[in-house]
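Positions are given from 1 along the sequence. The figures here come from the full heavy-atom set of this structure, side chains too, leaving out hydrogens, waters and symmetry mates.
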Amino acid sequence: MITKKYSYRLIGLLFIICYLSVSPVRAQYDIVPLPQSIEMQKGEPFTLWNDLVEIVAPEELKAEADFLQAYLKDVTGGTLPLAQKREKGKTYIELVVSPKVKESEGYVLTINKKGITIAGGSAAGVFYGIQTLRKAVVNARQSQHVTELTNHPSASSATPPFTLLNPVVITDAPRFSWRGMHLDCSRHFFPVAFVKKFIDLLALHNMNVFHWHLTDDQGWRIEIKKWPRLTTIGSQRSGTIIGTNSDLDDGISYGGFYTQAEAREIVAYAAARHITIVPEIDMPGHMLAALAAYPELGCTGGPYQVGHYWGVYKDVLCVSNPRVYEFVEDVLTEVMDIFPSEVIHIGGDETPAEKWVHCEKCSKLYLKKVLQGRVAGQVEGGSDGPRTMPEFSPEEMVRSELQPYFTNKVFNILASKGRRALGWDEILDGAPHDAMIMSWRGSAPGAKAAEAGHDVVMSPTTHCYFDYQQVKDTEFEPSRCGGFIPIEKVYALDPAPDSLSVEARSHILGTQANLWTEYMTNEQMVEYQALPRMSALAEVQWTQPARKNYQAFLQRLTRFTSLFEQYHYTYAKHLWPDRQIPNRWQF
């Protein structure tokens with residue numbers, strides 16, 4: 001006969017056997033991007049076991065609690081219950097907004113035997129703390145199954161029954177307030193579902209800005225109800241160039257656009273993940289699709305057609321035409337109604353002035369601006385003699401007057417609605433002081449702008465153009481774009497180096513990478529060009545320079561790729577040759 005005493009011993013023995021047989025794994029906290037402070041504590045670990053743990057959060061953090069529940073279900077296969085108050089007999093993962101966390105996007109993640117607390121300076125800070133916990137648990141699974149990781153999405157599918165999280169206090173906050181990624185949906189159009197998947201990728205990397213390039217010569221992608229031909233005509237091209245710098249055209253109709261309802265849906269999806277969408281309406285150049293729809297907006301009156309070829313077209317908006325500013329205001333008014341972002345990107349890059357030079361109205365406007373400058377004593381030569389600038393071509397001289405004229409008009413439209421204009425670094429000369437500059441032609445224009453007091457986002461071609469090649473041997477690479485930016489170069493970027501003055505560094509808001517899609521014809525190519533370089537950029541954006549170490553980052557990145565596998569993202573595997581196809585010529 002088994003007594004109660006022996007029953008308890010037997011139960012205890014069975015528990016020990018079960019405990020040993022299920023092989024608990026311990027979470028690792030050195031994740032991507034690396035937190036600012038990880039302080040291990042003494043004591044017993046927290047046990048993440050679905051039947052014993054609940055997620056506790058106030059109503060205002062219900063969305064964040066839902067994300068945590070979904071993320072942990074992806075990892076563990078179980079659904080943790082949600083509660084607004086702690087329940088006896090259960091350990092907890094508690095989410096709170098705390099005034100003790102001074103940085104709005106900062107958080108403190110505390111783990112001990114009794115539970116886990118994620119305290120954020122705001123809901124966004126809580127969200128980033130959730131990302132850290134999510135990645136730590138995934139790291140635990142990855143450490144147990146590291147030998148199973150291949151290039152197949154089903155790899156590492158086995159999930160440990162429970163995870164042990166050693167006591168720790170992680171205190172974290174981002175280095176920069178602008179942590180962005182750009183996606184060009186004009187050259188190639190991507191459906192709503194993929195845009196959301198791309199936004200999820202930003203959230204995974206603690207990024208908070210999605211720069212959405214919606215218009216260009218090759219297609220207008222956003223519905224503007226007051227100007228309907230922008231989408232009925234401007235969103236469709238009758239063919240696309242084949243290859244690189246080729247005279248061949250496929251002659252296949254291509255197009256697509258986002259309705260305003262779809263755009264609002266995407267805005268809400270991003271906002272739930274604490275990501276701001278900054279829309280770009282590129283002007284006065286890169287407007288061929290708009291001119292095809294409304295030829296009266298150009299200097300020649302057309303005819304125009306939506307661009308088939310990549311590169312820069314000479315046809316631009318006629319800046320002397322009052323109707324152009326009616327168009328611009330109408331477009332921006334509808335864009336601002338869809339996108340609540342304070343910042344609206346107005347492009348301003350690669351604007352040829354040839355059509356302005358030969359346009360009678362634009363030439364008169366140019367002369368008027370020059371004369372006004374002379375009267376004000378602002379131009380070379382003063383009011384006593386002709387303006388002579390022999391080192392500049394006529395196009396450069398005309399552009400130097402007319403592009404700032406256009407930029408200021410657009411700036412005033414946005415400012416009247418309480419918004420700010422952001423443009424590529426070509427707008428720097430003559431731009432209003434409050435205009436924001438996105439530095440793409442290297443970092444020097446951004447440094448110049450910051451020293452002049454402009455807020456700046458660094459996005460130099462030297463480090464941040466992810467359409468560029470990732471490896472020198474491009475024989476088997478899908479993109480035909482030139483340039484070479486390996487992942488180690490991305491990681492080496494410092495958007496606000498010590499060479500800038502302290503005041504200038506305060507104007508560097510952050511950095512972003514750009515995905516121009518001339519040669520990215522499908523979703524998998526976009527992901528391939530972004531990953532894993534996007535992970536290196538995330539650490540540039542988030543982690544303080546003193547904590548960065550490229551070799552250590554590669555080790556963390558190797559574990560991090562299990563999340564790419566988990567969510568079926570396509571990524572470049574040059575760093576992991578064993579995951580690539582063994583012999584590309586034999587299948």
Side-chain angles (χ1 to χ4, degrees), residues 27 29 31 33-43 46 53-72 80-88 90-137 165-179 202-203 205-209 268 270-276 340-343 418 455 505-506 508-510 538 541-544 546-547:
Y29 304 118
I31 60 170
L34 185 66
Q36 308 300 356
S37 172
I38 303 172
E39 297 182 355
M40 302 306 299
Q41 307 292 306
K42 295 180 180 180
F46 175 85
V53 181
E54 63 183 5
I55 298 172
V56 180
E59 182 61 30
E60 58 267 28
L61 293 177
K62 175 66 164 56
E64 285 66 36
D66 288 342
F67 278 117
L68 178 57
Q69 184 185 56
Y71 291 148
L72 293 180
L80 301 185
L82 302 180
Q84 292 189 12
K85 295 182 179 179
R86 296 182 191 175
E87 182 180 338
K88 289 184 179 181
K90 287 193 174 184
T91 51
Y92 59 89
I93 304 176
E94 187 170 23
L95 311 180
V96 297
V97 173
S98 172
K100 294 181 180 180
V101 181
K102 301 304 181 184
E103 297 281 349
S104 174
E105 293 186 295
Y107 67 89
V108 177
L109 171 61
T110 304
I111 300 177
N112 56 42
K113 179 183 177 181
K114 295 181 179 179
I116 298 174
T117 300
I118 300 174
S122 66
V126 172
F127 184 75
Y128 299 128
I130 287 170
Q131 296 296 336
T132 294
L133 179 61
R134 169 196 189 187
K135 295 167 194 175
V137 174
L165 292 95
N166 288 331
V168 71
V169 175
I170 297 176
T171 305
D172 201 9
R175 181 186 181 194
F176 292 108
S177 62
W178 187 292
R179 306 181 302 281
L202 269 71
H205 286 89
N206 292 14
M207 296 183 179
N208 64 351
V209 177
R273 291 150 181 80
H274 301 282
I275 293 170
T276 299
S341 167
E342 178 191 9
V343 178
D455 286 341
R505 288 201 299 274
S506 71
I508 304 297
L509 303 182
Q541 295 169 335
W542 187 275
T543 307
Q544 293 294 336
R547 287 188 56 76

Asks: Decide yes or no for N206 and K135: does some side-chain heavy atom of the first lie under 4.5 Å from some side-chain heavy atom of the second?
Replies: yes
Asks: For T91, give me all partners under side-chain contact (heavy atoms from CB on, under 4.5 Å), at least two apart in sequence or on another chain.
Replies: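 side-chain contact (heavy atoms from CB on, under 4.5 Å) list for T91, sorted by chain: F46, V53.
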Asks: Quick one: CG on L34 to CD on Q544, what's the gap to the nearest 0.5 Å?
Replies: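 Interatomic distance, L34 CG to Q544 CD, rounded to 0.5 Å: 11.0 Å.
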Asks: I'd like to check the side-chain hydrogen bond (donor to acceptor under 3.5 Å, both in side chains) partners of N112; sequence neighbours left out, ordered by chain and number.
Replies: none
Asks: Report yes if the side chains of I93 and L72 come closer than 4.5 Å at any heavy-atom pair, otherwise no.
Replies: yes
Asks: Can you confirm whether Y29 sits close enough to L165 that some side-chain heavy atom of one is under 4.5 Å from a side-chain heavy atom of the other?
Replies: yes
Asks: What are the two closest non-hydrogen atoms of E342 and G418, and how far apart are they?
Replies: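 Scanning both residues completely, I find the closest heavy atoms to be CG-O, 4.3 Å.
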Asks: Can you list the residues that meet the salt bridge (charged side-chain N to carboxylate O under 4.0 Å, His left out) rule with R505, with sequence neighbours excluded?
Replies: none
Asks: Would you name the heavy atoms of P35 and I170 that are closest together and state the gap between them?
Replies: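 In terms of heavy atoms, the two residues are closest at CB-CG2, 3.7 Å.
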Asks: About how many Å separate CG of N208 and OG1 of T276, when rounded to the nearest 0.5 Å?
Replies: 6.5 Å
Asks: Between Q131 and Y71, does any side-chain donor sit less than 3.5 Å from a side-chain acceptor?
Replies: yes
Asks: First locate atom NZ of K62, then atom CG of L82, and finally report the distance between them rounded to the nearest 0.5 Å.
Replies: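 Spacing of NZ (K62) from CG (L82) equals 6.0 Å.
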Asks: Report the distance from atom CZ of R547 to atom CD1 of I38, rounding to the nearest 0.5 Å.
Replies: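 Answer rounded to 0.5 Å: 5.5 Å.
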Asks: Work out which heavy atom in P99 is nearest to a heavy atom in V97; give both atom names and the distance.
Replies: CD-O, 4.2 Å
Asks: side-chain contact (heavy atoms from CB on, under 4.5 Å) with K113: which residues, sequence neighbours excluded?
Replies: E44
Asks: With a 4.5 Å heavy-atom cut-off, do L95 and I130 have their side chains touching?
Replies: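 When only atoms from C-beta onward are counted, I130 and L95 do touch, with a gap below 4.5 Å.
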Asks: Quick one: which residue pairs count as a salt bridge (Lys or Arg N to Asp or Glu O under 4.0 Å) with a foot in residues 122-134, not counting sequence neighbours?
Replies: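 Every pair satisfying salt bridge (Lys or Arg N to Asp or Glu O under 4.0 Å) with a residue in residues 122-134: there are none.
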Asks: Show your working on side-chain contact (heavy atoms from CB on, under 4.5 Å) between Y92 and T117 and close with a plain yes or no.
Replies: CA-CA 8 Å; Y92 59 89; T117 300; 3.9 Å; yes
Asks: Does any part of the side chain of P33, heavy atoms only, come nearer than 4.5 Å to the side chain of Y128, both counted from C-beta?
Replies: no
Asks: Specify whether Y107 and W542 have parallel, tilted or perpendicular ring planes, treating 30° as the upper limit for parallel and 60° as the lower limit for perpendicular.
Replies: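 Aromatic pair Y107/W542 classed tilted.
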Asks: Provide the closest heavy-atom pair for V96 versus V126 in the form atom of the first, atom of the second, distance.
Replies: O-CG2, 3.3 Å
Asks: Would you say that H274 contacts S122 through its side chain, given a criterion of any heavy-atom pair below 4.5 Å between the two side chains?
Replies: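 H274 does not reach S122 side chain to side chain.
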Asks: Of all residues at least two apart in sequence or in a different chain, which pass the ring pair (Phe, Tyr, Trp, His ring centres under 6.0 Å) check with W178?
Replies: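 Partners of W178 by the ring pair (Phe, Tyr, Trp, His ring centres under 6.0 Å) criterion come out as none, since no residue qualifies.
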Asks: Work out which heavy atom in A136 is nearest to a heavy atom in I31; give both atom names and the distance.
Replies: N-CG2, 4.1 Å
Asks: Can you find a pair of side-chain heavy atoms, one from D172 and one from L109, that are under 4.5 Å apart?
Replies: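 No, their side chains stay 4.5 Å or more apart.
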Asks: Look up atom CG in L68 and atom CG in L133, then write down how far apart they are to the nearest 0.5 Å.
Replies: 6.0 Å
Asks: Run the salt bridge (charged side-chain N to carboxylate O under 4.0 Å, His left out) test against R86 and tell me which residues pass, sequence neighbours left out.
Replies: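 If we apply the salt bridge (charged side-chain N to carboxylate O under 4.0 Å, His left out) test to R86, skipping adjacent residues, the hits are E94.
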Asks: With P340, which residues qualify under side-chain contact (heavy atoms from CB on, under 4.5 Å), at least two apart?
Replies: V267
Asks: Looking at every heavy atom in both A272 and F67, which two are closest together, and how far apart are they?
Replies: O-CE1, 3.3 Å
Asks: My understanding is that only residues two or more places apart in sequence, or in another chain, count here; which of them pass salt bridge (charged side-chain N to carboxylate O under 4.0 Å, His left out) with R175?
Replies: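 With neighbours one apart ignored, the set is D494.
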Asks: Looking at residues at least two apart in the chain, or sitting in another chain, which of them share a salt bridge (charged side-chain N to carboxylate O under 4.0 Å, His left out) with E105?
Replies: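 Counting only residues at least two positions away or on another chain, E105 forms a salt bridge (charged side-chain N to carboxylate O under 4.0 Å, His left out) with R179.
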Asks: Just to verify, what does A173 make a side-chain contact (heavy atoms from CB on, under 4.5 Å) with, not counting sequence neighbours?
Replies: E103
Asks: For residues 120-131, pull every pair meeting salt bridge (Lys or Arg N to Asp or Glu O under 4.0 Å), keeping only residues two or more places apart or in separate chains.
Replies: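 Of all non-adjacent pairs touching residues 120-131, none passes salt bridge (Lys or Arg N to Asp or Glu O under 4.0 Å).
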Asks: Quick one: pull up CZ in R273 and CD in E64 and give me the separation to the nearest 0.5 Å.
Replies: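 The distance works out to 10.5 Å.
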